[in-house]
Amino acid sequence: MNAAPQPHRTRTREMTLADLDRVVAIEAQAYSFPWSHGNFLDSLAAGYLAEVFLDPRDEVIGYYVAMSGVDEMHLLNITISPAQQGRGHGRALLDHIVARARGCGALSLWLEVRESNLRARTLYDRYGFVQVGVRRAYYPAGHGTREDAAVMSLALTNAGRKGRNDGLD
């Protein structure tokens, strides 16, 4: 029997300085070009919306950082620990972010995602995000090269309704 944590038994709370070592460790596990400790520190100092995603044992298994704007929210970073991926946590965290964005009065949620990150792009597409543009050479890709980012947007009036039982993550 698999005793893996279920998304409905998770919770979020505000990210604090005490969380940064764990957050940076997850970031390094998840990405070839991770955000630095300084990137997270700057985001907290700027007052961005930043929360950690906790399992039932209160262990950090994910997080996000978002910036509010006029009638919109921009999701700067959303990450689930690679060891916890594939269990519905990505969708659960997106549900939480959408609720927070609506609570801030946002009408849309924006993000960039590497064009090569097919797993995330599929999740966003099934959630209802639509690609609205491309940022050329947005991400570092190694050996001095850069990778394009797909710019995606979600109208919050329809958020999370598309593909509700897709079982992707």
Side-chain angles (χ1 to χ4, degrees), residues 5 7 9-106 108-121 123-124 127 129 135-142 144-154 156 159 169:
R9 295 178 55 211
T10 57
R11 67 181 184 91
T12 59
R13 68 163 167 75
E14 184 177 327
M15 185 185 295
T16 67
L17 294 175
D19 296 315
L20 291 188
D21 286 344
R22 179 65 181 135
V23 166
V24 170
I26 291 170
E27 184 81 0
Q29 293 166 7
Y31 302 113
S32 299
F33 299 92
W35 276 25
S36 69
H37 186 276
N39 293 131
F40 287 103
L41 191 60
D42 290 347
S43 295
L44 293 177
Y48 293 163
L49 181 60
E51 294 184 318
V52 290
F53 193 56
L54 306 168
D55 71 9
R57 298 172 312 274
D58 284 339
E59 296 291 327
V60 176
I61 60 170
Y63 49 87
Y64 74 92
V65 177
M67 177 177 62
S68 292
V70 177
D71 295 332
E72 65 184 40
M73 184 168 284
H74 190 128
L75 186 54
L76 303 173
N77 189 325
I78 177 174
T79 305
I80 299 296
S81 169
Q84 295 293 325
Q85 291 177 5
R87 301 178 185 191
H89 296 309
R91 178 172 281 282
L93 189 52
L94 273 176
D95 286 343
H96 175 78
I97 294 164
V98 164
R100 290 296 308 263
R102 283 185 175 135
C104 292
S108 59
L109 182 60
W110 294 79
L111 60 83
E112 291 88 14
V113 60
R114 285 182 182 271
E115 287 197 337
S116 65
N117 190 343
L118 299 180
R119 185 175 184 152
R121 291 185 68 182
L123 173 63
Y124 299 142
Y127 200 88
F129 282 84
R135 293 194 196 279
R136 301 279 176 221
Y138 187 73
Y139 291 108
T145 62
R146 309 283 299 177
E147 181 177 355
D148 294 346
V151 179
M152 303 187 84
S153 179
L154 177 70
L156 295 182
D169 65 350

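- Contact record, L44 with A50: CD2-CB, 3.7 Å, taken as the closest heavy-atom pair.
- Shortest non-hydrogen contact noted between A106 and L156 is O-CD1, 3.2 Å.
- Annotation: the span from H89 atom NE2 to T79 atom OG1 amounts to 14.0 Å, rounded to 0.5 Å.
- Between the CG atom in D148 and the CD atom in E115 there is a gap of 4.5 Å [rounded to 0.5 Å].
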>> As a quick check of understanding, evaluate side-chain contact (heavy atoms from CB on, under 4.5 Å) for F33 and R114, giving each step before the final call.
In response: CA-CA 11 Å; F33 299 92; R114 285 182 182 271; 3.5 Å; yes

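- You'll find the side chain of L41 reaches within 4.5 Å of the side chain of L17, heavy atoms only.
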> Between N39 and V65, does a side-chain contact (heavy atoms from CB on, under 4.5 Å) hold up when you go through it step by step?
Replying inline: CA-CA 10 Å; N39 293 131; V65 177; over 6 Å; no

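- Scanning all heavy atoms of the two residues, the minimum distance from A137 to R146 falls at O-NE, 3.1 Å.
- A120 and N117 make their closest contact through N-OD1, 3.2 Å (heavy atoms, listed as atom of the first residue, atom of the second, distance).
- Atom OG1 of T12 is separated from atom CG of L93 by 7.5 Å, given to the nearest 0.5 angstrom.
- If you check the side chains of Y48 and D42, you find no donor sitting under 3.5 Å from an acceptor.
- Side chains of H96 and Y64 form a contact here, defined as non-hydrogen atoms less than 4.5 Å apart.
- Here the CD atom belonging to E72 is positioned 8.0 Å from the CE atom belonging to M67, to the nearest 0.5 angstrom.
- Contact record, S108 with S153: CB-OG, 4.1 Å, taken as the closest heavy-atom pair.
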>> Before you tell me yes or no, could you show the steps for L54 and V60 under side-chain contact (heavy atoms from CB on, under 4.5 Å), namely the whole-Å CA-CA distance, both residues' side-chain angles and the distance that decides it to 0.1 Å?
In response: CA-CA 5 Å; L54 306 168; V60 176; 3.7 Å; yes

>> Show, in sequence, the C-alpha distance, side-chain angles and deciding distance for E51 and I97, and conclude whether the side-chain contact (heavy atoms from CB on, under 4.5 Å) test is met.
In response: CA-CA 9 Å; E51 294 184 318; I97 294 164; over 6 Å; no

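- For the pair L94/Y124, a side-chain contact is recorded, criterion being any heavy-atom separation below 4.5 Å from C-beta on.
- Other residues, nucleotides and ligands place more than 12 heavy atoms under 6.0 Å from the OH atom of Y31.
- Rounding to the nearest 0.5 Å places CG of L109 at 8.5 Å from OH of Y127.
- Without hydrogens or angle criteria, E27 side chain to W35 main chain gives a donor-acceptor distance under 3.5 Å.
- Going from atom CE of M152 over to atom CD of E112 covers 11.0 Å, rounded to the nearest 0.5 Å.
- Judged purely by atom type and a 3.5 angstrom limit, D95 has no side-chain atom pairing as donor or acceptor with the backbone of A92.
- Side-chain atoms of D19 and F40, non-hydrogen and from C-beta on, never get closer than 4.5 Å to each other.
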